[in-house]
Amino acid sequence: MTKTDDSDRLIQEVLSEFGCDDDPKKVADKVKRLDQGLPTEDEFTAICSWLGKARLLHKLDQHQAPPSSRDLYQVPDLLAEFERSGPVLIEVKSKTKQTLSFTPQYLDRLRAYAELVKMPLLIAWKHHGIWMLFDIQRLTKAQTNFNITLGDAMKENLLGVLAGDVAYKIASGAGVRLKQ
C-alpha cells in the first residue's frame, strides 16, 4: 500500500479557514521547497557565489510601502554585480514547463522598477535543475502573456558569461559545512 500525498487538500483547508484563495498546489510546492531547506532564490545565490565571479548578490526585500506601490512596481528577487557587468536586477523563477510565461501586468511592474532604479533586469530560470539567465527583453508576446521557450532561454543564456559554468546535483544527505 502506497502513502498518498494529501498536502494540497490539507493546505486548501487551512487556506480556506484563513480566507485565502491561493492555489494550494503552489503553496504546497513552496512549503516542500522550504522543508528541503533551500528556496529557489537562495539556491541561485549560492550557485553564483560558488562560481566565484559574483562581486555582490543581495536578496531584495519584497515588502514595499505604501501598499498602493504594488500596483506600479514589482521588486525583483536580487541585486547582483558580476566581474563582467555593472549592477543588474534578477527575478528568479523555477518552472518545469517548457515555456516560462509572465502576465503583461507582472512584467510591466518588474520593468517599471528596473526603470525607476535605472538598472538592467535579468531572469534566472531553473528548469529541472538547469539554470538559465537571460535579459527580460528576450520574452516575446504570445497571445496575451510574454513567454520564452526552454530552447530560446538556453540560446540566450548569460549565466556562463557572467557567473561561470558548473554542473551539480544536490543529493539526499548533502549538507553545508562551515569552518571557523
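Positions are given from 1 along the sequence.
- Contact check for Ile148 versus Phe102: no side-chain heavy atoms found under the 4.5 Å cut-off.
- Smallest separation of non-hydrogen atoms from Glu43 and Trp131: OE2-NE1, 3.6 Å.
- A continuous path of ILVMFWY side-chain contacts below 4.5 Å connects Ile136 to Leu116, so both sit in one hydrophobic cluster.
- Linking Ile, Leu, Val, Met, Phe, Trp and Tyr whenever their side-chain heavy atoms come within less than 4.5 Å puts Tyr106 and Leu72 in one cluster.
- Leu79 has its side chain out of reach of Val117: every pair of non-hydrogen atoms, C-beta onward, lies at least 4.5 Å apart.
- Residues Leu162 and Arg84 come closest through the heavy atom pair CD2-O, 4.1 Å.
- Leu110 and Leu60 fall within a single hydrophobic cluster, where Ile, Leu, Val, Met, Phe, Trp and Tyr side chains are chained together by heavy-atom contacts under 4.5 Å.
- There is no side-chain donor-acceptor pair under 3.5 Å between Glu91 and Tyr113.
- Linking Ile, Leu, Val, Met, Phe, Trp and Tyr residues whenever their side-chain heavy atoms come within less than 4.5 Å leaves Phe146 and Leu122 in two separate clusters.
- Counting all heavy atoms, side chain and backbone alike, Met132 lies closest to Ala153 at SD-CB, 3.8 Å.
- Cys48 is listed as a side-chain neighbour of Phe82, based on a closest heavy-atom distance under 4.5 Å.
- Minimum heavy-atom separation, Val75 to Asp61: CG1-O, 3.7 Å.
- Going from atom CG of Leu159 over to atom CD1 of Ile130 covers 12.0 Å, rounded to the nearest 0.5 Å.
- Annotation: side chain of Pro104 is in contact with side chain of Asn145 (closest heavy-atom distance under 4.5 Å).
- Rounding to the nearest 0.5 Å places NE2 of His128 at 4.5 Å from OG1 of Thr96.
- No side-chain heavy atom of Leu51 sits less than 4.5 Å from a side-chain heavy atom of Lys53.
- Of the inter-residue distances, the one linking Arg138 atom CZ with Asn157 atom CG reads 12.0 Å to the nearest 0.5 angstrom.
- Taking hydrophobic clusters as Ile, Leu, Val, Met, Phe, Trp and Tyr residues chained together by side-chain heavy-atom distances below 4.5 Å, Leu89 does not share a cluster with Leu133.
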Intermediate values then yes/no, side chain to side chain contact (heavy atoms under 4.5 Å, CB included), Gln98 and His127: CA-CA 8 Å; Gln98 294 289 314; His127 182 273; 3.7 Å; yes
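- By the 4.5 Å heavy-atom criterion applied to side chains, Arg109 and Tyr73 are not counted as neighbours.
- Contact annotation: the side chain of Lys59 approaches that of Asp42 to within less than 4.5 Å [non-hydrogen atoms, C-beta and beyond].
- Residues Lys126 and Phe44 have side chains not in contact (no heavy-atom distance under 4.5 Å, counting atoms from C-beta outward).
- When all heavy atoms are compared, the tightest approach of Lys95 to Trp125 is O-NE1, 3.2 Å.
- Of all heavy-atom pairs between Val92 and Asp77, the closest is N-OD2, 2.7 Å.
- Here the CD atom belonging to Gln137 is positioned 11.5 Å from the CD atom belonging to Glu156, to the nearest 0.5 angstrom.
- Going from atom CD1 of Ile90 over to atom OG1 of Thr45 covers 8.0 Å, rounded to the nearest 0.5 Å.
- The line from NZ of Lys141 to CG of Leu107 is 10.5 Å long, rounded to the nearest 0.5 Å.
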